[in-house]
Amino acid sequence: MTTLTIASLDPFDESAMAAWHATYNAAASYQRSYAAPRALEEMRTQLQMENPGERLLGFTGVSGDRVVVTGTLSLSLKDNLEQAWLEVHTLPELRRNGHGSAMLSHLTAEAQAHGRCLLVTEVAYPYDARVDGSGHPDVEFLRNRGFELGIADVQRVLDLPADEALLEHLIAAAEPMHRDYEFRQFRGRVPEDIVETYGELVGSLLTESPMGDMEFEVQVMDRERIRAEEKISEASGRTKYTTVALADDGTAAAYTELVVARHTPEWAFQWGTLVRPDHRGHRLGVALKARNLLWLQRECSRPRLVRTYNAEVNTHMVAVNERMGFRPVERLGEFQRRVEPGW
Ligand SMILES: CC(C)(COP(=O)(O)OP(=O)(O)OC[C@H]1O[C@@H](n2cnc3c(N)ncnc32)[C@H](O)[C@@H]1OP(=O)(O)O)[C@@H](O)C(=O)NCCC(=O)NCCS
């Protein structure tokens, strides 16, 4: 068998980056109708630019003269300091040769060397597979290497253009329940006057939404990080559409975000949606999502599909999505594994 050589990816090396991406893209799209691999330009920018909140590293596994396996490691720098988020992708035609395991061991050692002891990853599998994914090759890969399912999610999609009359009806029906809130919408940068309250709300998404056994901490989304991530987003071609509900004391009570990416313009991505626990019960969730989608659709005609992920157990958010017309297409398992830190 040819030996595998694993090395760090230099995102400034154009041909190395293109070869890395071709393998990642082929692996991430294999046998999936609703895969959404990040575009080369987007990935390159994210790997090249400094982010005070997160360090993103790429790795390449070469056998002969081919990149047969890729890896990424993401290290949160302001919070969740135990964690390392990782991804492994092997060319479909070269699977079951030990390449994925070798990359996973390499990423594990890197994570340990950075003092991380909680490895986190995710894997997609068909909607008609078992909820926990057992039996699917990629899930078995993780389970056989010490990972456990933390939470099972479902990807739902909505074909665009969405039914505007339905969205307007949802907005109007919910309105009497939240007359005391002010809605603000912004494309791109968060307005300076709400950056702190918005950051606090967004930072609590991982702890305030259902996360099963996943061990997430509150994220520190301070002004420095928000502004840095906005620059990276802009440079990588992403545009974020946000709708926020402000309580009468100016606090951000709820938000929702949709993202369109210049390099994959046919898709819009639903990012976070959160209503703070003390502001629930006012139909802010449905109102925000319907308002944001209506706005995006009127501003930007290129996306043909919106994608959203929800925990299987997040019945409230799933009900909101289904009312808007989303349909389930694929499952996603979030997995984790504890290891010894390496220092
Ligand atoms: C998961 C993935 C990285 C594995 O890559 P690989 O190079 O085939 O990995 P290895 O050869 O080291 O290990 C494959 C393991 O997967 C599991 N596996 C694969 N096919 C399987 C099947 N049909 N039934 C049961 N287990 C299976 C086994 O544990 C197998 O190990 P074995 O061959 O020693 O039995 C690859 O399939 C891939 O790129 N998938 C898409 C991305 C992804 O889901 N990544 C995982 C999350 S990071």
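The figures here come from the full heavy-atom set of this structure, side chains too, leaving out hydrogens, waters and symmetry mates. Just follow the structure's listing: the first ligand is 1, and inside any ligand the first atom is 1.
For atom 18 (N) of ligand 1, the closest non-hydrogen atom of the protein is Pro137 O, 3.7 Å. In terms of protein heavy atoms, atom 12 (O) of ligand 1 is closest to Ser101 OG, 2.5 Å. The protein heavy atom nearest to atom 48 (S) of ligand 1 is Thr121 OG1, 3.1 Å. Scanning all protein heavy atoms for the shortest distance to atom 26 (N) of ligand 1 gives Glu140 CB, 3.4 Å. The single protein non-hydrogen atom nearest to atom 37 (O) of ligand 1 is Asp138 OD1, 2.9 Å, given as residue, atom name and distance. For atom 34 (O) of ligand 1, the closest non-hydrogen atom of the protein is Arg145 NH2, 3.9 Å. Distance from atom 14 (C) of ligand 1 to its nearest protein heavy atom, with residue and atom name: Phe141 CD1, 3.9 Å. Looking from atom 46 (C) of ligand 1 to the surrounding protein, the closest heavy atom is Val88 O, 4.0 Å.
Close approach of ligand 1 to Glu122 (heavy-atom distance below 4.0 Å) involves ligand atoms 47 (C). The distance from ligand 1 to the heavy atoms of Gly98 drops below 4.0 Å at these ligand atoms: 10 (P), 11 (O), 12 (O). Per-residue contacts place Arg95 under 4.0 angstrom from the following atoms of ligand 1 (heavy atoms of the residue considered): 8 (O), 36 (C), 37 (O), 38 (C), 39 (O), 40 (N), 41 (C). Every atom of ligand 1 with a heavy atom of Asn144 under 4.0 Å away is listed here by number and element: 28 (C), 29 (O). Residue-ligand proximity, Asn97 to ligand 1, at heavy-atom distances under 4.0 Å covers atoms 11 (O).
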From CA spacing to verdict: side chain to side chain contact (heavy atoms under 4.5 Å, CB included), Phe59, Leu9:
CA-CA 5 Å; Phe59 298 89; Leu9 168 68; 5.9 Å; no
Q.
Before you tell me yes or no, could you show the steps for Phe216 and Asn80 under side chain to side chain contact (heavy atoms under 4.5 Å, CB included), namely the whole-Å CA-CA distance, both residues' side-chain angles and the distance that decides it to 0.1 Å?
A. CA-CA 7 Å; Phe216 291 119; Asn80 290 281; 4.2 Å; yes
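Ring geometry for His89 versus Tyr24: interplanar angle over 60°, hence perpendicular rather than tilted (30 to 60°). Taking the six-membered ring for Trp and thresholds of 30 and 60 degrees, Trp267 and Phe269 have ring planes more than 60 degrees apart, a perpendicular arrangement.
Of the candidates Val306, Asp159, Val154, Phe326 forms a side chain to side chain contact (heavy atoms under 4.5 Å, CB included) with just one, namely Val306. Evaluated for a side chain to side chain contact (heavy atoms under 4.5 Å, CB included) with Arg184, the options Asp193, Thr242, Val190 yield exactly one hit, Asp193.
At a cut-off of 3.5 Å, with distance as the only test, a side-chain donor of Thr256 or Gln270 sits close to an acceptor on the other residue. A side-chain donor-acceptor contact under 3.5 Å links Gln297 and Glu164.
Between Pro11 and Gln48, the shortest heavy-atom contact is O-NE2, 2.9 Å.
The existence of a salt bridge linking Arg38 and Glu87 is confirmed by a sub-4.0 Å separation between a basic side-chain nitrogen and an acidic carboxylate oxygen. A salt bridge between Arg32 and Glu330 is present, with a side-chain N of the basic residue lying under 4.0 Å from a carboxylate O of the acidic one.
Annotation: Gly100 places an N or O atom under 3.5 Å from an N or O atom of ligand 1; distance criterion only. In terms of polar-atom proximity, Thr90 is counted as a contact of ligand 1, with an N or O under 3.5 Å from an N or O of the ligand. Checked against a 3.5 angstrom limit, the closest N/O atoms of Leu142 and ligand 1 fall outside it.
For Arg116 (side chain) and Ala84 (main-chain N/O), no donor-acceptor pair under 3.5 Å exists by modelled atom type.
With a heavy-atom cut-off of 4.0 Å, Leu104 does not touch ligand 1 at all.
The closest approach between a heavy atom of Val69 and any atom of ligand 1 is not below 4.0 Å.
Nearest-heavy-atom check against atom 22 (C) of ligand 1 across His136, Arg96, His89, Arg143 picks out Arg96.
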